[in-house]
Amino acid sequence: MKEIIVAPSILSLDYANVSEQLQILKESKAEWLHFDVMDGHFVKNLTFGPDILKGFKKATKMFMDVHIMVEDPSFVAKLFIEAGADMLTFHLEAINGIEECIALCKWIRKQGVQAGVSVKPNTNIEELLPHLKEIDMILIMSVEPGFGGQSFMAHTLEKVQLLRKEIDRYGYDLKIEIDGGINDQTAPLAVQAGCDVLVAGSYIFKGDIEKNIDRLLLCQK
Ligand code: DX5
Ligand code: ZN
């Protein structure tokens, strides 16, 4: 059985109760924490800078999965790598062509950090396929990036299926992450299509955090 990773998105954390909620996450079965970094330009929302990641890093040993939705990924990647990112995922749409994309992946790996590439719901992944060896994770957005709480776009699973086929065919060591609208109804579809990592914000933090994480993990059975 393939092991699924749940990555709670701290975008939906209750910021009036950060330490309490972080304690629950640390004791839960979630292994990763997902950080949505937004610059107000690439998406019409603004979140946090690297000092917030540094703070979380001091409080937990969880794997720091940083998703940057920004116009200047090279600049922002450096800041979050210095702050302790374990996985740094940037957007293909924010970069000037596939060569620059792969060059940034190589640079991220050189810093000892895993490199991820993300695509919006309507962006094709074909141009990434010849370069899968240079990438540690592909993040398929299943909502338009920018805000939590949106509905899952099922057509994005076609990209997951295509990627899963390529990965299995050539035996690549590459994870598929899905982000947006993941709950106990959509998670099984994502896992069935071939996802390894499930990001979830509003579903996990509305109600019992630990139970909701457990429910998502049940999808792999
Ligand atoms: C959206 C973010 C997501 C978001 C998911 O731009 O990338 O990580 O937090 O939130 P939910 O799970 O509520 O769709
Ligand atoms: Zn995200």
Side-chain angles (χ1 to χ4, degrees), residues 1-12 29-38 42-45 47 65-69 87 89-94 101 116-129 131-132 135-170 172 174-209 211-221:
M1 190 180 68
K2 195 174 63 160
E3 208 186 304
I4 299 299
I5 295 167
V6 169
S9 166
I10 65 148
L11 196 62
S12 297
K29 294 200 182 83
E31 293 165 44
W32 291 20
L33 272 189
H34 184 81
F35 287 78
D36 286 308
V37 178
M38 307 185 189
F42 183 75
V43 291
K44 290 277 166 265
N45 196 3
T47 56
D65 178 32
V66 179
H67 174 200
I68 58 172
M69 286 156 273
M87 171 78 74
T89 301
F90 62 92
H91 269 265
L92 180 61
E93 302 87 356
C101 170
V117 179
S118 181
V119 287
K120 293 186 193 181
N122 295 322
T123 301
N124 284 333
I125 54 164
E126 265 74 14
E127 61 178 339
L128 291 172
L129 299 182
H131 305 282
L132 297 182
I135 306 171
D136 295 294
M137 187 169 81
I138 293 189
L139 194 182
I140 303 289
M141 289 295 309
S142 40
V143 298
E144 285 300 334
F147 298 90
Q150 304 179 67
S151 302
F152 184 73
M153 297 164 90
H155 78 273
T156 58
L157 292 179
E158 287 166 23
K159 288 187 275 190
V160 174
Q161 285 160 346
L162 170 66
L163 260 179
R164 174 50 56 206
K165 257 194 215 152
E166 286 289 298
I167 293 168
D168 291 350
R169 186 161 150 211
Y170 296 106
Y172 292 131
L174 182 146
K175 287 188 168 60
I176 308 175
E177 180 174 64
I178 192 143
D179 184 3
I182 291 295
N183 55 40
D184 56 350
Q185 306 297 307
T186 55
L189 305 176
V191 171
Q192 216 170 14
C195 289
D196 306 287
V197 187
L198 304 172
V199 176
S202 42
Y203 174 74
I204 288 179
F205 289 97
K206 261 188 212 151
D208 187 322
I209 295 174
K211 269 198 194 135
N212 291 339
I213 290 170
D214 287 347
R215 277 191 200 118
L216 290 180
L217 281 167
L218 274 178
C219 298
Q220 62 195 308
K221 294 210 172 110

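Residue Phe152 comes nearest to Gly180 through the heavy atom pair CD1-O, 3.4 Å, listed as atom of the first residue, atom of the second, then distance. The heavy-atom pair separating Pro145 from Met69 by the smallest distance is CB-SD, 3.6 Å. For Val197 against Ala7, the heavy-atom pair with the smallest separation is CG1-CB, 4.1 Å. Heavy atoms only, all atoms of each residue included: Ile5 and Glu31 are closest at CG1-OE1, 4.4 Å.
A donor-acceptor pair under 3.5 Å links the side-chain atoms of His155 to the main chain of Pro121, judged by distance alone. A donor-acceptor contact shorter than 3.5 Å is absent between the side chain of Ser202 and the backbone of Gly148. Under the 3.5 Å distance criterion, the side-chain polar atoms of Ser142 are matched with a main-chain donor or acceptor of Asp179. Between the side chain of Asp65 and the backbone N or O of Met87 there is no donor-acceptor pair closer than 3.5 Å. For Glu166 (side chain) and Leu129 (main-chain N/O), no donor-acceptor pair under 3.5 Å exists by modelled atom type. Side-chain atoms of Asn212 come within 3.5 Å of backbone N or O of Lys206 as a donor-acceptor pair. Checking side-chain atoms of Glu177 against main-chain N and O of Met137 turns up no donor-acceptor pair under 3.5 Å. Side-chain atoms of Lys175 never come within 3.5 Å of backbone atoms of Gly116 as a donor-acceptor pair (strictly under, hydrogens ignored).
The line from CG of Leu11 to CG of Asp36 is 5.0 Å long, rounded to the nearest 0.5 Å. For the atom pair CG of Leu198 and CD1 of Ile213, the computed distance is 11.5 Å after rounding to the nearest 0.5 Å. Taking CE of Met141 as the start and NZ of Lys120 as the end, the distance is 9.5 Å to the nearest 0.5 Å. Put simply, CD1 on Ile167 and CG on Asp196 are 7.0 Å apart, with the number rounded to the nearest 0.5 Å. Rounding to the nearest 0.5 Å places SG of Cys101 at 11.5 Å from NE2 of His91. Note: Met38 CE to Phe147 CZ = 7.5 Å, rounded to the nearest 0.5 Å.
Here the side chains of Phe35 and Thr47 are not in contact, with every heavy-atom distance at 4.5 Å or above. Side-chain contact between Lys159 and Ile176 is absent, with no heavy-atom pair separated by less than 4.5 Å. Using a 4.5 Å heavy-atom cutoff, the side chains of Val117 and Phe90 are in contact. Within the 4.5 Å cutoff, no side-chain heavy atoms of Ser9 are placed close to those of Phe205. Two residues are said to be in side-chain contact when any heavy atoms from C-beta on lie closer than 4.5 Å; Ile140 and Leu163 meet this criterion. Annotation: side chain of Ile125 is not in contact with side chain of Leu92 (no heavy-atom distance under 4.5 Å).
Within 6.0 Å of atom CD in Glu158, 12 or fewer heavy atoms from other residues, nucleotides or ligands are found, so the atom counts as exposed in its surroundings.
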Item to check | Evaluation steps, side-chain contact (heavy atoms from CB on, under 4.5 Å), between Ile204 and Leu216 | outcome: CA-CA 9 Å; Ile204 288 179; Leu216 290 180; 4.0 Å; yes
Which atom pairs, one a donor and one an acceptor, fall under 3.5 Å between side chains of residues 182-195 and the rest of the protein, sequence neighbours left out?
from	atom 1	to	atom 2	distance (Å)
Asn183	OD1	Gln185	N	2.8
Asn183	OD1	Thr186	N	2.9
Asn183	OD1	Thr186	OG1	3.2
Thr186	OG1	Gly181	O	2.9
Thr186	OG1	Asn183	N	2.8

